[in-house]
Amino acid sequence: MYISDNKKRQAVRIAGNYIATSLFCALFGAVYELFSHEVYSYSMIYAFAIPLAGGALPFLAIAMGHIRRFPGRISRSLYHAAITTFTIGSIMKGVLEIYGTTSALLPVYWIAGGLLIAGAVALNIAVY
């Protein structure tokens, strides 16, 4: 089964949105750390990589035809929510590290993101 041109355009648009999100996260991290009195956090610095690697690359692979199955709407929504959860979790961890504290709630981001990814994959497999 091959992906139609309409689905390829949609995949390119989604990948473009993820690239824009990555650029925003990189800019946000740079500005935040500019005013953090030379305190740095790798979670904040590399938060841009999550939407880039987890969002843009898979949808560019779909658009280029390396992946022949386009996920359904609900599966895509769960996947987008997972990438958003991971990105926000990384930024929050960076904010707390720069501030000099921790929170017991940070693992919730990773657990929720993992559950959302698992749900998206399971739904995508079940539908096809």
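Bear in mind that the values here come from a model prediction, so they are computed numbers and not experimental data. Residue numbers run from 1 in the order of the sequence given.
Between I83 and G55 the shortest heavy-atom distance is CD1-N, 4.5 Å. When all heavy atoms of S36 and V39 are compared, the pair lying nearest together is OG-O, 2.7 Å.
Residues passing the ring pair (Phe, Tyr, Trp, His ring centres under 6.0 Å) test with F28 are Y32, sequence neighbours excluded. Judged as a side-chain contact (heavy atoms from CB on, under 4.5 Å), and not counting sequence neighbours, A30 has no contacts. Every residue two or more places apart in sequence or in another chain was checked for a side-chain contact (heavy atoms from CB on, under 4.5 Å) with H37, and none qualifies.
How far CD1 of I91 is from CD1 of I88: 5.0 Å, rounded to the nearest 0.5 Å. The line from CG of L96 to CE of M92 is 5.0 Å long, rounded to the nearest 0.5 Å. Remark: I14 CD1 to K7 NZ distance equals 9.0 Å, nearest 0.5 Å.
Residues I45 and I50 do not share a hydrophobic cluster, clusters being chains of Ile/Leu/Val/Met/Phe/Trp/Tyr side chains in contact below 4.5 Å. Linking Ile, Leu, Val, Met, Phe, Trp and Tyr whenever their side-chain heavy atoms come within less than 4.5 Å leaves F48 and M44 in two separate clusters. Linking Ile, Leu, Val, Met, Phe, Trp and Tyr whenever their side-chain heavy atoms come within less than 4.5 Å leaves I67 and V12 in two separate clusters.
Using a 4.5 Å cut-off on side-chain heavy atoms (C-beta onward), F70 and R76 make contact.
The backbone N or O of L52 sits less than 3.5 Å from a side-chain atom of S22, completing a donor-acceptor pair. Under a 3.5 Å cut-off, the side chain of S77 and the backbone N or O of R73 do form a donor-acceptor pair.
Applying the 6.0 Å contact sphere to CD1 of I74 captures no more than 12 heavy atoms from other residues, nucleotides or ligands.
As a member of the Ile/Leu/Val/Met/Phe/Trp/Tyr network built from side-chain separations under 4.5 Å, V31 groups with L27, L34, F35.
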Output a table of donor-acceptor pairs, distance under 3.5 Å, between side-chain atoms of residues 104-127 and any protein atom two or more places apart or on a different chain; print 'none' if there are none.
none

**Study point:** Test log, rule side-chain contact (heavy atoms from CB on, under 4.5 Å), inputs F59 and Q10
**Key:** CA-CA 9 Å; F59 283 98; Q10 188 176 4; over 6 Å; no
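Listed by first then second residue, pairs satisfying side chain to side chain donor-acceptor pair (under 3.5 Å) with a partner in residues 79-108 read Y18-H80, S41-E97, not counting sequence neighbours.
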